[in-house]
Amino acid sequence: MDKIFVCAVAELPPGEARRIETDPVIAVFNQDGEFYALADRCTHGEASMSDGYVEDDCTVECPIHSAKFCLKTGKALTQPATVDLATFKVEVEGDNVYVLAPAQVAA
Ligand code: FES
């Protein structure tokens with residue numbers, strides 16, 4: 001696992017997400033000041049979870065068919081998704097957000 005810079009804390013406000021070009025691609029979310037990282041590709045289809053909707057109940061809703069996943073565990077909570085999303089560890093150091101993830105893909 002590599003420690004990959006995501007962005008400055010100030011660049012990822014609550015309710016927002018950021019897509020990181022790793023393999024697999026990762027979505028990092030800020031839910032009310034807590035940061036979470038999940039595999040970006042919905043387990044049901046081609047949706048990018050970084051385009052999803054961060055909810056107050058610590059979930060993210062897929063932007064295509066509205067399946068909800070737990071931000072903490074990646075668990076698929078509602079249909080049509082039945083397979084959980086992978087989760088990744090997030091670290092905040094100083095003013096920066098990092099994710100512990102497989103190697104970053106060259107852009
Ligand atoms: S693509 Fe995400 S629920 Fe269908």
Side-chain angles (χ1 to χ4, degrees):
M1 290 285 175
D2 289 346
K3 186 172 178 174
I4 297 170
F5 174 72
V6 177
C7 63
V9 170
E11 293 174 323
L12 186 51
E16 298 286 317
R18 187 166 282 241
R19 184 180 151 102
I20 306 300
E21 297 300 326
T22 49
D23 183 16
V25 178
I26 293 174
V28 182
F29 302 88
N30 180 341
Q31 198 272 333
D32 207 17
E34 295 291 328
F35 294 94
Y36 303 97
L38 301 174
D40 185 58
R41 185 176 162 186
C42 182
T43 57
H44 177 253
E46 297 294 326
S48 172
M49 297 308 295
S50 60
D51 292 331
Y53 309 101
V54 177
E55 307 285 354
D56 289 343
D57 59 355
C58 206
T59 62
V60 59
E61 183 180 308
C62 175
I64 295 187
H65 303 118
S66 303
K68 289 178 91 172
F69 295 88
C70 176
L71 286 171
K72 291 180 180 172
T73 65
K75 186 169 180 54
L77 299 172
T78 64
Q79 298 282 339
T82 56
V83 177
D84 301 346
L85 289 168
T87 60
F88 301 90
K89 188 167 169 32
V90 179
E91 290 184 358
V92 176
E93 271 188 22
D95 294 333
N96 295 323
V97 182
Y98 298 86
V99 65
L100 298 181
Q104 192 156 18
V105 176

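Just so we're clear, the structure is a prediction, and the values are computed from it rather than from any experiment. Just so you know, ligand 1 is whichever comes first in the structure, and atom 1 is the first atom listed for that ligand. Hydrogens, waters and symmetry mates play no part in the numbers below; they use all other heavy atoms, side chains included.
With 2.8 Å as the limit, H65 counts as an N, O or S neighbour of atom 4 (Fe) of ligand 1. Residue H44 counts as close to atom 4 (Fe) of ligand 1, with an N, O or S atom under 2.8 Å.
The environment of K3 atom NZ is dense: over 12 non-hydrogen atoms of other residues, nucleotides or ligands sit within 6.0 angstrom. No more than 12 heavy atoms of other residues, nucleotides or ligands lie within 6.0 Å of CG in D95, so this atom counts as exposed by the packing criterion.
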**Request:** Output, in order, the C-alpha distance, side-chain angles, deciding distance and verdict of side-chain contact (heavy atoms from CB on, under 4.5 Å) for R41 and M49.
**Result:** CA-CA 6 Å; R41 185 176 162 186; M49 297 308 295; over 6 Å; no
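Here the rule is side chain to side chain contact (heavy atoms under 4.5 Å, CB included) with V54, and of L71, T59, D32 only L71 fits it.
To the nearest 10 degrees, the angle centred on atom 2 (Fe) of ligand 1 between SG in C62 and SG in C42 reads 110°.
Close contacts of ligand 1 with A67, meaning ligand atoms under 4.0 Å from a residue heavy atom, involve 3 (S).
By the criterion of a heavy-atom distance under 4.0 Å, the side chain of P80, and not its backbone, is placed next to ligand 1.
Looking only at side-chain heavy atoms (C-beta outward), T87 and L38 come within less than 4.5 Å of each other.
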